[in-house]
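One structure is given here, and the rest of the page talks about it.
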Amino acid sequence: SGGGDDKGGSDAGSGSGDLITVGFVAVGPEGGWRQANEKNIQDTFTEDAGYDLKYAPAANLDQKSQIDNFTSFVDEGVDVILLSATEATGWEDSLKRAQEAEIPVILLDRGIEPDDTSLYVTRIAPDNVEVAKEVGTWAAAEFPDGGNYIVLEGPAGVGVVNERNKGFEEGLGDSSLVKVAAQTANWSTEEGKSVTETLLKSNNNDIQFIFAQNDEMGLGASQAVEEAGLTVGTDVKIATIDGTKNAIQALADGKLSYVHEYNPLFGETALDVVKKALDGDKVDSYIVVPSKAFDSAEAAKAALPDRKY
Amino acid sequence: MNEELPIVQMRGISIEFPGVKALDGVDFRLFQGEVHALMGENGAGKSTLIKALTGVYGIDSGSIVVAGQERSFRGTSDAQAAGISTVYQEVNLVTNLSIGENVMLGHEVRGPFGINWRATHRAATEALTRLGLEDLDTHQPLSSLSIAMQQLVAISRAMAIKAKVLILDEPTSSLDAAEVDGLFRVMRTLRDQGVAILFVSHFLDQIYAISDRLTVLRNGQYVGEYLTRELDRHALISKMIGKDLDALSALGGNRRTDARTADEAPVVSARGLGRRGSVQPTDLDIRRGEVVGFAGLLGSGRTELARLLYGADRADEGTVELNGVVGDIKSPADALAKRIAFSTENRRDEGIIADLTVRENMILALQAERGWARPIPKKEQDEIVDRYIAELNVRPADPNRPIKNLSGGNQQKVLLGRWLATEPELLILDEPTRGIDVGAKADIQEAVAQLAEEGMSVVFISSELEEVVRLSERIVVLKDHQKIGEIQNGPDVTAQSVVDVIAAHGVESAADSLDEAPGGEAQPVDADAEEETR
Amino acid sequence: MTVLTEAPARTDAATGVMTRIRRLVSTNPSTLPTVAAVAILIAMVVYGEIAYGRIVQANTLSNLLINNTHLIVLAVALTFVILTGGIDLSVGSIIAFSSVAGVMLSNAGWHPLAVLVVMIGSGSLFGLVSGILIRYFNVQPFIATLAMMFLGRGLASLLSTVPERLGEDSPLRWIGTQIKVVDGPKVNDLVITPAVIVALLVVVVAFFVLHRTRTGRTVYAIGGSENSAALMGLSVPRTKVLVYVISGTLAGIAAVLYTGRLGTAQNITGIGWELDAIAAAVIGGTVLTGAYGYVLGSVVGALVLGLMNVLITRDGKIPPEMTTIITGAILLVFVLLQRAVTRKKE
Amino acid sequence: MSAAASRPTAWLREVIRKPWFWGIVALVALLALNVLKDPTYLAISVNPNNGNLVGNLIDILKAAAPVMMIALGMSLVIATAGIDLSVGSLMAVGGAVSMEFLKAAGDSTSVGVALAAIGLTLLITGVLGAVNGILVAYVGLQPFIATLVLMLAGRGIAKVITGGQNTAASSDPYRWIANGYVVGIPVVFLFAVLIVLVVAAVVRRSALGLMIEAIGINPKASRMAGIKPRGLLLTTYILSGLLAGVAGIMSVGTVMTVDISRTGYQLELDAILAVVIGGASLAGGKFSLSGAFVGALLIATLDKTVVFLGISSSATPAFKAIVIVVLCLLQSDRVRGWFTRRPKAVFPTAPRVEARKEEVTA
Ligand SMILES: Nc1ncnc2c1ncn2[C@@H]1O[C@H](COP(=O)(O)OP(=O)(O)OP(=O)(O)O)[C@@H](O)[C@H]1O
Ligand SMILES: Nc1ncnc2c1ncn2[C@@H]1O[C@H](COP(=O)(O)OP(=O)(O)OP(=O)(O)O)[C@@H](O)[C@H]1O
Ligand SMILES: [Mg+2]
Ligand SMILES: [Mg+2]
């Protein structure tokens with residue numbers, strides 16, 4: 001192992017020889033997608049593969065706790081830091097300290113703002129804006145004659161929400177779809193259902209399309225639509241992002257209309273990058289993880305058998 | 001005697017609480033250099049008048065003139081600023097702070113670096129010294145003191161503030177004679193310095209000893225203002241209760257001397273009952289229909305012993321037999337189930353449930369005994385409540401009024417009703433007559449005698465030795481948390497006999513606590529306990 | 001009570017630190033939980049150093065302070081409120097509002113001093129509203145400050161739902177500049193930031209106010225018994241409002257410290273921080289029903305919480321679902337421990 | 001008294017004094033606001049396919065049911081001068097237990113399986129409630145802290161149960177609880193009303209209510225009066241845990257998915273608000289279950305109104321805050337005084353505060 005001249009985690013790693021200590025500043029339990037993503041990372045950086053992964057999830061998705069964890073890894077002197085930031089801004093100082101301590105940092109999922117590529121090795125992530133844009137493009141194509149739509153958002157102010165909104169609007173382009181409401185359903189199925197139920201009533205069921213920013217809310221919306229006596233796919237189309245197994249299943253069952261994957265499985269890529277970074281090799285500053293779109297029940301059925309998350 | 005203007009002049013004061021006219025057009029004047037007693041039965045409106053004067057309650061009508069100026073204070077701090085210092089009836093101190101701070105709170109000595117604690121504590125000690133409390137460590141938390149000591153601290157606090165008017169609402173209710181003397185000494189000095197003192201007490205002796213003038217209230221109404229020396233006791237009491245007092249003259253006539261036979265099986269029999277740091281191992285027998293008085297000085301452990309019997313505190317040694325069966329009393333609930341009831345001396349903290357009604361307060365113990373699953377039917381509740389309101393003369397007689405709205409004395413009666421409703425075999429009354437007017441006191445004493453007559457055993461604790469001697473058949477004397485003797489009541493036993501027992505014990509060497517006490521047959525107390533330790 | 005009789009006997013032997021602590025505790029049992037918190041903090045440092053290493057070194061300890069400045073300030077804020085028997089749930093939201101507003105104004109070209117005034121003043125204003133609701137309209141502190149918590153969050157979100165970046169050249173950033181007191185190898189430096197100094201100042205001033213001014217003593221007296229305090233002639237109404245103003249103001253200061261360090265502000269900042277601050281105060285020995293507690297204890301409590309996070313991170317093997325359980329369990333252990341010691345002593 | 005009661009103003013005054021009066025007023029005001037936006041808001045129609053009632057009001061009743069459950073438990077806990085911050089997390093635990101059990105059982109039509117899931121759920125939330133109760137009653141921790149512990153740890157426990165997943169399951173009988181109808185009315189609301197009535201009957205017909213109030217007002221004095229506070233405290237916290245379990249079942253039942261980080265999230269605050277809107281004091285003592293019922297309805301209406309009016313998500317908390325503040329002001333004695341003209345006690349005398357204080361220091 002290259003980079004680290006003073007080995008971190010002196011006691012923690014001592015028993016197992018020359019393990020590379022990796023500090024993973026993670027997000028922690030948030031939903032199906034995050035669960036799959038972090039498990040994938042943990043399953044990749046195993047002791048067998050020569051790594052000692054230190055997993056540090058955020059408390060309450062709070063950026064402050066992530067900064068604390070990051071600082072602690074730097075102080076401890078780990079060999080590499082993987083950073084899944086909850087928020088893009090506010091990382092400069094922390095990254096500069098890591099640089100001073102000669103600890104390479106690899107961003108997973110979320111980038112940083114301002115995007116100073118000299119502060120980190122690379123960012124490995126699917127592209128939120130791009131994924132949402134594809135949803136928008138699909139919607140624009142599905143509704144050439146326009147129609148009314150609502151958006152179910154995550155909590156106001158969260159980075160993903162802003163990005164997925166941005167991408168979606170871009171994708172819609174000059175489509176004649178009309179946004180009649182956007183409400184937060186806090187990423188939750190139950191709230192997705194409750195909010196949709198009320199929005200359908202307040203618009204006399206005159207809604208043709210629902211964009212749910214994650215699978216969970218979309219699944220809730222789907223139930224509300226059915227309970228209102230409407231049919232998903234014919235009366236109302238529902239598109240979601242993430243591509244968890246539950247959602248793919250629902251798509252296969254005709255309960256959703258479109259699911260865009262936001263691919264969480266990039267552990268192997270990360271492993272590669274870590275190796276290269278420690279060997280001092282050059283890597284691209286942004287590695288986009290490809291994500292698939294599922295736009296029909298058939299596509300979903302085909303994907304179901306080996307869906308990992 | 002004072003021809004100059006009164007320093008406090010209240011005219012036509014009225015205050016109405018939901019459903020009660022606590023004060024109805026009351027006049028009151030207070031002159032410099034006098035001790036003025038405010039007299040009246042429980043609930044007459046004394047405390048309310050004081051709170052009206054000091055701005056704790058807003059008045060509905062009337063005027064308050066202080067030092068020639070019409071005032072309406074907006075709280076104690078306002079009144080203090082105008083030179084009126086008050087000790088309210090309920091001891092109002094904060095138990096989480098030190099003794100010294102309680103004396104000086106709001107008047108701390110300040111220096112360049114904020115409060116100068118050294119000087120503040122010194123000032124506190126000075127104030128305490130005037131009441132003979134120079135031995136107190138002002139750094140100790142107030143909570144380490146008994147209620148009586150806290151009362152003295154509260155008085156010291158009022159005196160530490162250099163005031164033109166000093167108001168003391170029942171300051172002596174939990175003080176012993178020596179402490180009262182000390183207080184009076186200071187009061188006289190202050191009076192001679194020109195301070196106007198307003199004083200409330202239910203002890204007539206004290207009123208006659210200290211006051212120059214008095215104002216009588218009855219049912220919230222002004223009865224009159226009199227010079228103390230021109231009004232004899234008989235007349236005063238008549239004015240307070242509004243009728244002639246044949247009933248009261250019987251007071252003291254019903255001394256109970258009929259000794260029980262010693263071989264009669266006791267209802268309660270304690271052997272070596274004790275608790276570390278609180279009560280030395282004690283033997284005690286109480287027989288059916290017997291009134292046993294606990295006598296002793298303040299802090300002698302009377303309350304503690306009673307609390308052990310009731311399970312309010314856990315005994316850590318000794319046994320209690322109830323009707324010959326060993327009973328393990330671990331909590332008040334256990335005691336209640338075994339027909340023991342205990343009326344606490346600390347009415348506010350351990351007695352009343354302030355927000356509940358008179359009815360709910362009265363049935364609470366009986367209900368607790370039956371358990372929550374067997375509610376007392378409304379009809380039975382009515383019977384109980386109506387009966388004890390009438391028997392104990394609770395005023396106002398409305399059972400659906402929150403108990404917190406009753407005057408102290410009437411709260412005490414409601415609590416007595418609570419215990420009687422459980423029909424106990426043994427009733428322990430700790431200071432049941434504290435802070436209670438003459439009429440009510442007679443009512444309660446009468447009730448105790450009556451209950452004993454009916455076969456109930458009573459433990460009667462009071463700081464008034466005369467009262468104990470008058471009511472008890474047997475007097476258990478305590479000192480320093482230890483039973484030092486028992487006196488069988490008889491014609492020649494007086495309060496002095498009890499005092500003698502206590503004094504004699506002090507003279508003897510501490511090594512032998514089993515001494516004979518004069519004035520009655522003393523029993524060895526520690527014998528069993530000593531055997532146990534061996 | 002039994003302790004009281006022992007106390008004088010020991011005074012003569014008052015020499016070593018332990019004896020003095022014992023004396024402090026025996027004369028005033030309410031200090032015991034605070035002393036226990038200090039002991040546990042030390043124990044945690046020792047355990048961390050043995051188990052994971054690199055705890056007792058300049059950078060770890062500096063960062064413990066730097067990362068927790070705002071928590072320390074909030075813990076002080078909560079101490080004032082809790083001592084009176086109240087609670088303030090709004091501090092986290094106040095930080096969100098104050099920092100978003102501050103950054104936006106700063107970016108709009110306001111003078112930094114004016115921005116500071118707005119940031120801190122808006123905190124005071126929230127506190128004032130809570131205080132008035134509580135004092136004059138008898139709204140329970142939990143509810144009044146819960147309303148302010150919603151209000152602060154809502155207003156912050158109305159201002160902006162995207163992260164607001166403080167200009168690179170903004171003087172506010174100075175608050176977070178790291179001053180290397182001792183420049184060690186690599187990042188092992190002894191570092192201090194103006195924010196830390198401000199936080200320490202806050203602590204010193206708070207200590208002075210609570211222990212050396214009449215207002216401070218009134219705070220304790222209100223906690224002991226509001227009714228008695230009023231009957232003793234203390235200015236209860238004023239003080240009750242004041243503690244919430246103090247708490248809001250300190251939350252405003254915490255917002256400045258946090259924003260200055262991070263350089264961004266966001267409407268979702270500070271969710272749940274009120275609970276952290278409450279936990280810090282409780283761990284430091286402040287009793288939630290009021291009357292007992294010390295501001296220095298709360299500071300220790302904040303550091304304990306901070307150190308606990310460091311240790312969990314250092315361990316790195318704790319599954320995500322366990323972290324909240326562990327936080328809960330540690331809090332529980334703390335209060336149980338305090339409970340056990342205080343019980344035994346009394 | 002009787003003379004005064006005959007006057008209509010006296011009747012009005014009486015109603016205004018009721019703990020839930022302003023809650024009802026606010027409820028009506030919110031509904032009016034909705035009607036302003038859409039005059040047909042209050043309309044309730046019958047779904048021709050299944051005869052079920054459909055309408056915004058029906059949605060409110062459904063949404064209010066879980067809040068009613070936890071508010072009910074919270075009322076009793078608050079009456080003992082406690083607080084239960086853990087109910088939201090316990091809802092998640094309950095939901096997690098149910099979903100995992102149903103998923104494992106796999107039988108989506110069996111009533112027995114659904115009942116077993118419910119039984120197991122209630123057992124576990126009841127036990128967790130008992131943990132709170134033991135910490136408060138026997139260990140003597142302050143309720144705020146004791147339940148804060150489980151509030152933090154509860155979500156972790158839910159995560160452990162589901163292995164971090166948001167487990168979904170299917171069970172028609174279970175689903176029926178949250179989504180079914182009986183004679184056109186949502187089952188979940190009927191259940192809620194039934195449970196409220198049963199608890200109210202038990203509490204008020206027995207002496208439980210009186211004793212709970214007594215220990216809430218003055219624990220020391222209650223003990224001296226022979227009440228055993230510990231058992232009672234334990235009972236109330238267990239009940240609160242059980243009701244949180246019920247709320248959890250109602251909540252996850254709507255979508256048959258438990259969301260470990262979102263189910264019941266911050267619902268403890270809603271429950272506390274409901275209780276306070278219902279006129280109870282957090283200091284303990286007198287409680288009103290009808291008040292809590294109204295409070296829960298109001299909270300649900302508020303949530304629905306925000307969405308119906310299309311108030312932006314970011315403004316939602318501010319809107320809530322304003323409603324709370326206005327309600328609290330209307331309930332305050334000072335503002336009431338403007339209606340009933342009753343100046344009195346410059347500050348209230350509250351001897352019981354002291355009584356409790358000493359408990360704490362002990
Ligand atoms: N806060 C209150 N609310 C309602 N009623 C009250 C209140 N305080 C006192 N009262 C009522 O006012 C009347 C006068 O009470 P007050 O306490 O002044 O009597 P008191 O003369 O001091 O009696 P005591 O000798 O028993 O202390 C009583 O009937 C009492 O019930
Ligand atoms: N002068 C004093 N100084 C300090 N502590 C005292 C003093 N007098 C009593 N105490 C303490 O206060 C408590 C009160 O004792 P206790 O209540 O048993 O006394 P009592 O005989 O019942 O007298 P009373 O009830 O009339 O005050 C005891 O723990 C005692 O140690
Ligand atoms: Mg009085
Ligand atoms: Mg006593």
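So that the names make sense, note that chain A is the first sequence line, chain B the second, and so on, each numbered from 1.
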- Message: For chain C, which candidate among D:Ile260, D:Ile157, D:Leu141 shows the most heavy-atom pairs at distances under 4.5 Å?
- Response: D:Leu141
- Message: For residues 276-283 of chain C, give me every residue with a non-hydrogen atom less than 4.5 Å from any non-hydrogen atom of chain D.
- Response: C:Ile278, C:Val282
- When rounded to the nearest 0.5 Å, the distance separating CG of D:Leu85 from CG of C:Leu275 is 8.0 Å
- Which region of C:Leu133, side chain (C-beta onward) or backbone (N, CA, C, O), has a non-hydrogen atom less than 4.5 Å from a non-hydrogen atom of chain D, or is it both or neither? side chain
- Could you list which of residues 144-152 of chain D have a heavy atom closer than 4.5 Å to any heavy atom of chain C, in residue-number order? D:Phe144, D:Ile145, D:Leu148, D:Val149, D:Met151, D:Leu152
- Work out which heavy atom in D:Ala153 is nearest to a heavy atom in C:Ile325; give both atom names and the distance. O-CG1, 3.6 Å
- Can you tell which part of C:Leu146 gets under 4.5 Å to a heavy atom of chain D, answering side chain, backbone, both or neither? side chain
- Under 4.5 Å from a heavy atom of chain D, the part of C:Ile271 involved: side chain
- Looking at CZ of C:Phe150 and OG1 of D:Thr316, how far apart are the two atoms once the value is rounded to the nearest 0.5 Å? 10.5 Å
- Task: Identify which part of C:Ile87 has an atom lying under 4.5 Å from any heavy atom of chain D, answering side chain, backbone, both or neither.
- Result: side chain
- Item | Top contributor to chain D interface from C:Pro141, C:Ala144, C:Ala147 [non-hydrogen pairs under 4.5 Å] | C:Ala147
- If every non-hydrogen atom of C:Met148 is compared with every non-hydrogen atom of D:Val325, which pair is closest and at what distance? CE-CG2, 4.1 Å
- Task: Among the options D:Pro317, D:Cys328, D:Ala315, D:Ala321, pick out the one with the most heavy-atom pairs lying under 4.5 Å from chain C.
- Result: D:Pro317
- To the nearest 0.5 Å, atom CD1 of D:Ile324 lies from atom CG of C:Leu151 at 9.5 Å
- Residue among D:Val276, D:Ile83, D:Leu135 with most heavy-atom pairs under 4.5 Å to chain C: D:Val276
- Query: What closest approach, in Å, do D:Leu269 and C:Met149 show between heavy atoms, and which atom pair accounts for it?
  - Reply: CD1-CE, 3.9 Å
- Query: What residues form a salt bridge (charged side-chain N to carboxylate O under 4.0 Å, His left out) with D:Arg262, not counting sequence neighbours?
  - Reply: none
- d(D:Leu329 CG, C:Tyr136 OH) to nearest 0.5 Å is 14.5 Å
- For residues 234-245 of chain C against chain D, heavy atoms under 4.5 Å, the residues are none
